[in-house]
Amino acid sequence: MDPIIDHVGIKVSDYEKTKAAYNAALAPLGITLLMEFPHVGGWGKGQKPELWISVTPDPPITPVHVCLKAKNREEVDAFYKAAIAVGLRDNGPPGLRPMYHPTYYGAFVLDPDGHNLEAVFHG
């Protein structure tokens, strides 16, 4: 299936703090910082950044929800554990979410600006 979204960009208030948190939280999913400019960073797998953050010149920031694919439940668990360890806030621990579908396994955390990051495995 061809994805419909090429990349996503979100605004943050503290680039360095958010960058450090994303580096730690996304590593278990195999997602790394691939490109960086002053106060702008792009994460992805391979060579193409798909998730971008940048500092907003004029807050307030409207939080968004970004869901990232995991290869298995263990990656979802590792994402959540790494995110909590670097100070991201719990917004739903790893577990099944049968209201979405019977095998939907996800975990949710909030970044420093309230953006809801999710890792999901659809096994």
Side-chain angles (χ1 to χ4, degrees):
M1 178 184 342
D2 230 2
I4 65 167
I5 297 175
D6 183 75
H7 65 275
V8 173
I10 59 177
K11 299 295 185 180
V12 300
S13 59
D14 184 329
Y15 177 75
E16 291 300 327
K17 180 178 181 179
T18 304
K19 178 178 88 169
Y22 280 31
N23 281 338
L26 302 181
L29 301 173
I31 299 171
T32 58
L33 182 64
L34 298 175
M35 196 174 289
E36 191 170 24
F37 305 101
H39 306 290
V40 177
W43 284 260
K45 293 182 178 183
Q47 297 179 353
K48 182 182 177 297
E50 297 172 55
L51 174 62
W52 290 86
I53 66 168
S54 62
V55 172
T56 184
D58 40 351
I61 292 171
T62 301
V64 298
H65 174 213
V66 177
C67 184
L68 305 162
K69 292 182 195 176
K71 293 179 188 172
N72 51 48
R73 289 182 179 190
E74 291 76 23
E75 276 195 0
V76 173
D77 295 345
F79 156 82
Y80 181 82
K81 183 177 179 181
I84 296 300
V86 294
L88 298 186
R89 294 172 290 152
D90 168 64
N91 197 32
L96 287 170
R97 303 296 194 284
M99 65 284 240
Y100 303 138
H101 66 69
T103 59
Y104 192 109
Y105 188 87
F108 304 81
V109 296
L110 298 175
D111 80 0
D113 291 297
H115 298 299
N116 185 24
L117 297 180
E118 177 187 2
V120 67
F121 175 64
H122 290 283

Please test D113 against S13 for side-chain hydrogen bond (donor to acceptor under 3.5 Å, both in side chains), starting from the C-alpha separation and ending with a verdict.
CA-CA 7 Å; D113 291 297; S13 59; 2.6 Å; yes
Would Y15 and E36 satisfy side-chain hydrogen bond (donor to acceptor under 3.5 Å, both in side chains), going step by step from the backbone distance to the final call?
CA-CA 11 Å; Y15 177 75; E36 191 170 24; 2.7 Å; yes
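Side-chain polar atoms of Y105 and N72 form no donor-acceptor pair below 3.5 angstrom.
Between L26 atom CG and L117 atom CG the span is 6.5 Å, to the nearest 0.5 Å.
In the displayed structure, K48 atom NZ is contacted under 6.0 Å by more than 12 heavy atoms of other residues, nucleotides or ligands. Taking a 6.0 Å sphere around NZ of K45, one finds it holds more than 12 heavy atoms contributed by other residues, nucleotides or ligands.
Contact check for Y80 versus V109: side-chain heavy atoms found under the 4.5 Å cut-off. You'll find the side chain of K71 stays beyond 4.5 Å of the side chain of V76, heavy atoms only.
The side chain to side chain donor-acceptor pair (under 3.5 Å) contacts involving residues 49-63 comprise K11-S54, where partners must be two or more places apart or lie in separate chains.
A continuous path of Ile, Leu, Val, Met, Phe, Trp and Tyr side chains, each step under 4.5 Å between heavy atoms, connects M35 with V40, placing both in one hydrophobic cluster.
A salt bridge does not link K19 with D14: none of the charged nitrogens is closer than 4.0 Å to a carboxylate oxygen.
Looking at R89, its side chain does come within 3.5 Å of a backbone N or O of D111 through a donor-acceptor pair.
With sequence neighbours left out, the side-chain hydrogen bond (donor to acceptor under 3.5 Å, both in side chains) criterion links H122 to H101.
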